[in-house]
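Below: the structure, in structure tokens.
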Number of protein chains: 2
Amino acid sequence: MTDTDVVNAWRELLSRHASTWCELDRELNERYGLGASEFEVLDRLAEGVKDAYRVQELGAMVFLSQSALSRLIGRLETKGLVVRSMCDSDRRGISVCLTDAGRELYAAAKPTHRSVLAASFADAPA
Amino acid sequence: MTDTDVVNAWRELLSRHASTWCELDRELNERYGLGASEFEVLDRLAEGVKDAYRVQELGAMVFLSQSALSRLIGRLETKGLVVRSMCDSDRRGISVCLTDAGRELYAAAKPTHRSVLAASFADAPA
DNA sequence: TTGCACTAGATGCAGATGCATGGAATGTTC
DNA sequence: GAACATTCCATGCATCTGCATCTAGTGCAA
């Protein structure tokens, strides 16, 4: 793989990322008042096997700094989509858990999310 | 391509984008005081066939809003890496052109950029 | 128990981004 | 040429992000 190949691959990735992310952000925001990052967190919470996750567990899944994630969870909590609760086993930790409203909004938004992705990956499947 | 496939592909893309971008940003900032977006603009300016580009031409290449690009160019100008000048053919437009300092810094930073990309794409070439 | 290093998460702050808007120049229509 | 719509870039503003730091809780060692 030459230098140029790598650069081209990177630009291709940048392009796909930017257009998809931007579209997701616009659609989710407009219809459900959700940012793309926020949906990403809801997605992990909803699909998970557990019904509550530690903040640091979520941090390992989404690509945000610890501070950004903390505030994002704060926003979700303000919107009533998740609740924070103290972690029993380690009282420094915070458990994050979807509320019913959160589960509902997620279920409503999920088709939009998937359909944007499908459209975005349709023209040049990875 | 199933729904799950698409989601997985998207997450793979997110992951690669985040780690690569983050690494680029850190390395370029630390060594050359450049943000990843800023390098991206310098890259387009330096490799281009023309020696000056309209702001809107750059806008079509990098994935930034028009306002973000305008400010980014402002930062580059403050650092003395580019100059803005009125466009002759259309006096609404602005031509952006690398300075010698800009060309030098770009040449210095380019190997770092390429090497980060190479490392990032080495483990799973697209 | 006390002391100290370490970890989890929250927050002050500065910087970057996007949206909406503004001013200036251009093009269009009559 | 006058009036109006449109395009180009800059900027006010709110929001999101990361870095550095802070507080609270944990674990270990003497």
Side-chain angles (χ1 to χ4, degrees), chain A residues 14 17-30 33-42 45 52-79 82-97, chain B residues 14 17-30 33-42 52-79 81-97:
Chain A
L14 277 180
H17 174 270
S19 60
T20 308
W21 184 267
C22 196
E23 175 80 359
L24 276 178
D25 215 48
R26 191 172 330 110
E27 290 291 317
L28 291 174
N29 228 309
E30 191 172 303
L34 283 174
S37 311
E38 293 173 12
F39 182 89
E40 209 65 33
V41 170
L42 292 184
L45 283 174
Y53 281 89
R54 292 284 298 269
V55 172
Q56 57 178 342
E57 290 178 304
L58 294 172
M61 301 179 194
V62 299
F63 306 96
L64 287 175
S65 67
Q66 180 267 320
S67 70
L69 180 56
S70 175
R71 286 180 229 262
L72 189 155
I73 293 170
R75 293 197 296 276
L76 292 180
E77 191 175 38
T78 300
K79 293 178 187 175
V82 304
V83 285
R84 279 194 262 219
S85 54
M86 297 265 293
C87 188
D88 289 338
S89 56
D90 183 343
R91 291 170 57 199
R92 291 168 301 183
I94 297 287
S95 276
V96 182
C97 178
Chain B
L14 277 180
H17 175 270
S19 59
T20 308
W21 184 268
C22 196
E23 176 78 1
L24 275 178
D25 215 47
R26 190 171 331 113
E27 289 290 317
L28 291 174
N29 228 309
E30 191 172 303
L34 284 173
S37 311
E38 293 173 13
F39 182 89
E40 210 65 32
V41 170
L42 292 184
Y53 281 90
R54 293 282 298 268
V55 172
Q56 59 177 341
E57 291 179 303
L58 294 173
M61 302 179 194
V62 298
F63 307 97
L64 286 175
S65 67
Q66 181 267 319
S67 69
L69 180 56
S70 175
R71 287 179 228 263
L72 189 155
I73 293 171
R75 293 198 297 276
L76 292 179
E77 190 176 37
T78 300
K79 294 179 187 175
L81 304 177
V82 305
V83 286
R84 279 194 262 219
S85 55
M86 298 267 293
C87 187
D88 290 336
S89 56
D90 183 344
R91 290 169 56 199
R92 291 168 301 183
I94 297 287
S95 277
V96 181
C97 178

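Chain A is the first sequence line, chain B the second, and so forth, proteins listed ahead of strands; every chain is numbered from 1.
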I need the [X] [atom1] to [Y] [atom2] distance, nearest 0.5 Å.
{"X": "A:Glu27", "Y": "A:Leu34", "atom1": "CD", "atom2": "CG", "answer": "12.5 Å"}
{"X": "A:Thr78", "Y": "A:Ile73", "atom1": "OG1", "atom2": "CD1", "answer": "11.5 Å"}
{"X": "B:Ser19", "Y": "A:Phe63", "atom1": "OG", "atom2": "CZ", "answer": "7.5 Å"}

Whole angstrom is fine here: how far is it from [atom1] in [X] over to [atom2] in [N]?
{"X": "B:Glu77", "N": "D:dT11", "atom1": "CD", "atom2": "P", "result": "11 Å"}
{"X": "A:Leu69", "N": "D:dT17", "atom1": "CG", "atom2": "P", "result": "10 Å"}
{"X": "A:Asp90", "N": "C:dG9", "atom1": "CG", "atom2": "P", "result": "8 Å"}
{"X": "A:Leu64", "N": "C:dG9", "atom1": "CG", "atom2": "P", "result": "14 Å"}
{"X": "A:Asp25", "N": "D:dC16", "atom1": "CG", "atom2": "P", "result": "9 Å"}

* **Pairwise side-chain contact, A:Arg84 with A:Ser95, heavy-atom cut-off 4.5 Å (strictly under)** => no

Give one of base, sugar-phosphate or nothing for [X], where a contact means two heavy atoms less than 4.0 Å apart.
{"X": "B:Arg75", "result": "sugar-phosphate"}
{"X": "A:Arg54", "result": "sugar-phosphate"}
{"X": "A:Arg26", "result": "nothing"}

Please determine if a side-chain N or O atom of [X] lies less than 4.0 Å away from the OP1 or OP2 oxygen of [N].
{"X": "A:Ser67", "N": "D:dT21", "result": "no"}
{"X": "B:Arg92", "N": "D:dT6", "result": "no"}
{"X": "A:Arg84", "N": "C:dA10", "result": "yes"}
{"X": "B:Ser70", "N": "C:dG18", "result": "no"}

* **Given D:dC9, C:dT17, C:dG9, the nucleotide with the shortest approach to the side chain of A:Ile94** =>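 It is C:dG9.
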
* Kindly point out which of C:dT11, C:dG9, D:dC8 is positioned nearest to the side chain of A:Arg71? =>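 That would be C:dT11.
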
* **Distance-only donor-acceptor test, A:Gln66 side-chain atoms vs C:dA8 base atoms, 3.5 Å** => no

* Asked: Want to settle it: does A:Glu38 or A:Arg91 sit nearer the 5' end of DNA chain D, counting the closest nucleotide to each?
  ->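 The 5'-side residue here is A:Glu38.
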
* Between A:Ala68 and B:Ala68, name the one whose nearest nucleotide on DNA chain C is closer to the 5' end. => A:Ala68

* Chi angles and distances behind the side chain to side chain contact (heavy atoms under 4.5 Å, CB included) call for B:Asp25, B:Phe39 -> CA-CA 9 Å; B:Asp25 215 47; B:Phe39 182 89; over 6 Å; no

